[in-house]
2 protein chains.
Amino acid sequence: MVIAVSTVIFALRSGEAESDHDPARPGLWLPLVRRIRPPFEGQWALPGGPLRRDEDLEAAAARTLQATTALEPSYLEQLYAFGTLDRAPASASERVVSIVYWALVDSEEATRAAETENVHWFSADDLPDLAFDHDVIIEYALWRLRNKVEYARIAHAFLGDTFTLAQLREVHEAILGRTLDPANFRRQIEAGNTIVPTGKRVTGTSYRPPKLYRYNQAIEPVDRGPLGSSARRRPSSDGAEASAGPPDSAG
Amino acid sequence: MVIAVSTVIFALRSGEAESDHDPARPGLWLPLVRRIRPPFEGQWALPGGPLRRDEDLEAAAARTLQATTALEPSYLEQLYAFGTLDRAPASASERVVSIVYWALVDSEEATRAAETENVHWFSADDLPDLAFDHDVIIEYALWRLRNKVEYARIAHAFLGDTFTLAQLREVHEAILGRTLDPANFRRQIEAGNTIVPTGKRVTGTSYRPPKLYRYNQAIEPVDRGPLGSSARRRPSSDGAEASAGPPDSAG
DNA sequence: ACAAAAGTGTTCGATGTACACCCATGC
DNA sequence: GCATGGGTGTACATCGAACACTTTTGT
């Protein structure tokens, strides 16, 4: 019996017209690796690998992310543990239990993400055939992401240090797949004091220059569930299963 | 490296005055087992055990539940996978990754739950010292339960086939730890058509007899995330007895 | 008739949504 | 000035909390 750790990695990419609509609007992309051995040889799959004996689960997820994208995740959370008996074809020599994480990577840096023969980025709207049930896993990760963006402060994980409200709104729109009212979005964000204005503005626009904001680090960066690190927060509402890494215990 | 599966089992118990307030109000209780070997020998811990080679994760959780309470869970969902290196004392011979489930058992039947020298039920408000970080795990499970009862139809997992609105409200109150307005609760429940009136009423009351309701099986039993839906649904009793687990896949 | 809980109606504030409108800048 | 997106104001529907009130039974 083997424990593997895989990660669904999301980044936001603009342009790259390929999807159905408005090519200017950014969308969700994720890197997949080509399997180089059976089962499912040649098919695309989530990056991952066996858990090392001296390695935390989360560290293993970060390692696979590093190995494929060469980037640091700005957000990392456990998704689910998959362990039914039928996950691999009968030909498989040993049973595998996969603990899957999902991660967000910074949009700016994602542009220099590694892309090789066996590592390729795909639009979340246009995925190839995947090995195992990885399509289901990605579907689940997408659901979790969309759910969580509505109540947790994770959208900024796609952006740099400073950003305009329009950029933040674009992130939300890309994740949710629909447009949002700029006026109402502004008020909702301002209502929580999750962001704080830097004094600066964008320059070089052909219109009124927008203010630049920064995330308010004083506030808990994101609701990762009651166990997130040592301090526990009272979450407003958890859309579903949630939380990142609670400490641990054996049993 | 070993994979273990543990389960946080919740039941609702009335009376048993022991807590702080109103002894008539039911509260959350859960069974713990006494460890009979190091580490933490003699301390209370979550029921669980090693995952068998030919056993699904969910089946393993159900098995531990069966072993301790001798009851079938009316709800079973994966909670989290715990796997940090420091979960067991250094003395431990091997590293353990625990995949923890949480379950709800029917309140009526829970009264005949097994209680032995090494299996004891505790009030969730009054837990003993626990082995490992099981206190944190239980805290997390409680948080998840309280969170989920507000948007998913899980409360009925504590009740029998038919029930009054007052009973359903009591379940919610016990989980949330506060009283709810009967009038508003009625409307909220009736708004979703999650329950359907049986023609019957309770008899033998000394006041106006309340209607008996039954859960509407036609509706998705519970929000288990996007994967619960796509996959199979248990045709059994009222449908709430499944788990949250997405099917699975390897990698 | 009375007590007790079932069940109904109404008001109020918070929140989300739609949309009209003004503001500031580059051209 | 004009176009464009930044930013503000406002009206309306929805939803949950609070609470007064009526109904129905057993005793």
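Predicted model, so just to flag it, every value in this text is computed and none were measured. Labels below follow one simple rule: chain letters A, B, ... track the order of the sequence lines, proteins then strands, and each chain is numbered from 1.
Between the C1' atom of D/dC21 and the CZ atom of B/Arg186 lies a distance of 15 Å, rounded to the nearest Å. The distance from atom CD of B/Glu190 to atom P of C/dG9 is 11 Å, rounded to the nearest whole Å. Residue A/Phe185 contributes atom CZ, which lies 15 Å from atom P of D/dT8 at whole-angstrom precision. Taking atom CD1 of A/Ile195 as the reference point, atom P of D/dG6 lies 13 Å away to the nearest angstrom. Residue A/Leu165 contributes atom CG, which lies 20 Å from atom P of C/dC23 at whole-angstrom precision. Computed from coordinates, the A/Ile189 CD1 to D/dT8 P distance equals 15 Å when rounded to whole Å. In this structure, B/Leu180 atom CG and D/dC19 atom P are separated by 15 Å, rounded to whole Å. Rounded to whole Å, the distance from CG on A/Leu168 to P on D/dG7 is 13 Å.
Under a cut-off of 6.0 angstrom, the local environment of CZ in B/Arg214 is sparse, with at most 12 non-hydrogen atoms contributed by other residues, nucleotides or ligands. Annotation: A/Glu190, atom CD; neighbour count of heavy atoms from other residues, nucleotides and ligands within 6.0 Å is above 12.
Minimum atom distance to the side chain of A/Arg208 is reached by C/dC23, of the listed C/dC23, C/dT10, C/dA6. Proximity note for B/Asp181 (side chain, C-beta onward) versus C/dC19, D/dA18, D/dG6: the nearest is D/dA18. Out of D/dT25, C/dG7, D/dG6, the shortest distance to the side chain of B/Tyr207 is found at D/dT25. Of the candidate nucleotides D/dG6, D/dA18, C/dA6, D/dA18 has the atom lying nearest to any side-chain atom of B/Asn184. Of the candidates D/dG7, C/dA18, C/dT25, the closest approach to any side-chain atom of A/Lys211 belongs to D/dG7.
The base of C/dG9 is paired with the side chain of B/Arg187 by a donor and an acceptor separated by under 3.5 Å.
Ring orientation note: the planes of A/His156 and A/Tyr215 are tilted relative to one another, at an angle of 30° to 60°.
When each of A/Arg201 and A/Gln188 is assigned the nucleotide of DNA chain C bearing its nearest heavy atom, the one mapping closer to the 5' terminus is A/Gln188. Of the two residues contacting DNA chain D, namely A/Ser206 and B/Arg178, the nearest-nucleotide position lying further toward the 5' end is that of A/Ser206.
The residue A/Ala183 sits close to a base: some heavy atom pair falls under 4.0 Å.
Note that CG of B/Asp161 is 11.0 Å distant from CG of B/Leu212, once rounded to the nearest 0.5 Å.
A side-chain donor-acceptor contact under 3.5 Å links A/Glu77 and A/Tyr75.
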